[in-house]
**Q** 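So that we are looking at the same thing, I have put the structure below in C-alpha cells.
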Amino acid sequence: MADGGPRMTTIANTAVFDGHDLLPGRYDVRVDGATIATVAPAGVAEPVGPVIDAAGATLLPGLIDGHVHFLQPDDFTALLDGGVTSAADMATWPPEHLAVLRSQSRGVTFRTSGAPLIGPSGPHSHMPGLTEAVISSPAAARREVAARVAQGVDYLKLVLEAEGRGGPDRDSARAAVEAAHDAGLRVVAHASAVGAIELAVELGVDILTHAPLDGTVSPPTVARIVAKGLVVIPTLIMMRTTAARRGMLAAYDSSRRFVADLHDAGATIVAGTDANSAPGAPATVPHRTGLHDELALLVDAGLSPVEALRSATAVAARLFAWDDRGSVRPGARADLLLVDGDPTARIGDITAVRAVWLAGEATTAP
Ligand SMILES: [Zn+2]
C-alpha cells in the first residue's frame with residue numbers, strides 16, 4: 001500500500017473466472033482502491049503497485065452465500081477466511097441485534113429478512129423471541145409484513161411446513177405473500193418437505209430455500225418452478241448434515257434428486273449453506289467451509305463446476321440485486337478470491353484459498 005498515494009495492487013499472471021466462465025489465457029488484474037481497474041492479458045502493461053504473483057492460481061469474484069445466519073463477529077471472520085464476501089441473512093431478530101451485527105460485520109455486506117414469519121406450532125415456533133412472528137390469521141400476517149417493511153428488510157422470509165405440521169395456515173400464508181408483493185418485497189419460502197414446496201409454489205413465492213428429505217418433488221411441480229421463474233437455494237450441505245445427524249443419510253437422496261431434476265429442467269439455482277453457529281440449531285454448518293461443501297454437493301447433483309461457481313457469484317449477485325459485484329470486470333467492486341488450482345475444472349480447488357480482498361483490501365496475506 002503506497003504511503004498516502006492511491007491504493008493499487010496488481011494480481012499478475014492469473015487465470016480468471018469472471019463470474020460466468022473461465023476466460024482463456026492469463027491476466028494481470030489491477031485493483032485501484034475499492035474497484036477493479038483493468039483485466040488485461042498478462043505481461044502487456046507495466047504492473048502498478050505491489051504485484052502478487054498468481055501463477056498457478058485462479059481469481060474469482062468474492063463468493064456470495066445465498067443463505068446464512070449470523071450470531072457473532074466470528075461468523076463474519078469465518079466467511080471471509082473461506083472467500084465469502086457477501087451473504088444473504090435468512091432470519092435475524094430482534095432488529096436491535098441486526099444493528100449490532102452490521103457494526104461487527106468486518107466489511108462483509110449482507111441482505112436480510114429480519115425475523116421470519118412462522119406458524120403457530122412448527123419447529124421454528126420454539127425459537128426464543130419469535131412469538132411475534134407467528135401468523136395465525138391473515139390480519140396477523142399483514143401486520144407482521146408491515147412491521148418488516150417498516151424495518152427496511154430486503155425480502156420476506158416465510159417458514160412453510162407440510163400440511164398439518166404446524167406451519168402457517170394457507171390463508172395466512174397467502175395473505176403474507178400478497179402483502180409482501182404489494183409492498184414490493186420478494187418472498188423467500190423455507191420449504192424442506194415436499195408438501196411445503198408444493199404449497200410455496202401454489203402461493204406464488206419468489207424464492208424457495210432448502211430441499212426435501214421426505215420424498216420426491218413431482219415433475220409437474222418442478223416444471224411449475226421453472227415456468228414461474230422461481231429461484232431455488234437448496235442448501236444441500238444443511239440437508240445432508242441434518243440427514244446424517246438424524247442417522248438417516250439415505251434421506252439426502254431426495255434433496256440431491258430435487259436439485260438434479262431442477263437442473264435438468266433449467267431452473268435457476270443459487271448456492272447457499274444455512275451456515276449458523278447457534279448452539280440450539282438442528283444442525284451446524286460452519287461459515288468458513290460451508291459454501292465450499294455446498295459447491296461440491298451441487299456438482300455432485302449434476303451442475304458443472306462452472307455452473308456451481310456461477311450460482312455463488314454472478315447468479316447470486318443478480319438475485320440479491322448487487323449489480324456492483326459477482327464478476328471480475330473493470331468497474332466492479334474488488335471483492336476477490338484467489339485460489340490455487342482451477343475450480344472450474346475441479347470444484348474442490350475452491351478450498352485452496354490463497355487470498356481474499358474485500359473492496360480492494362486484502363483480508364488475508366496474499
Ligand atoms: Zn436458515
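Indexing begins at 1, ligand by ligand and atom by atom, following the structure's order. For the single chain, residues carry numbers from 1 onward in sequence order.
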**Q** Please determine if the Zn ion (ligand 1) has an N/O/S atom from His67 lying under 2.8 Å away.
**A** yes
**Q** Could you check whether Arg102 makes a cation-pi contact with Phe70, meaning its NZ or CZ is under 6.0 Å from the centre of the six-membered ring and within 45° of the ring axis?
**A** no
**Q** Look at His69 and state whether any of its N, O or S atoms is less than 2.8 Å from the Zn ion (ligand 1).
**A** yes
**Q** Quick check: of its N, O or S atoms, which one does Asp274 have closest to the Zn ion (ligand 1)?
**A** OD1
**Q** Can you establish whether the number of heavy atoms outside Glu163 located under 6.0 Å from its atom CD is more than 12?
**A** no
**Q** Would you mind checking if Asp261 and Arg257 are paired as a salt bridge, meaning a charged N to carboxylate O distance below 4.0 Å?
**A** yes
**Q** For Thr289 and Thr351, what are the C-alpha separation, side-chain angles and deciding distance, and is it a side-chain contact (heavy atoms from CB on, under 4.5 Å)?
**A** CA-CA 8 Å; Thr289 55; Thr351 63; over 6 Å; no
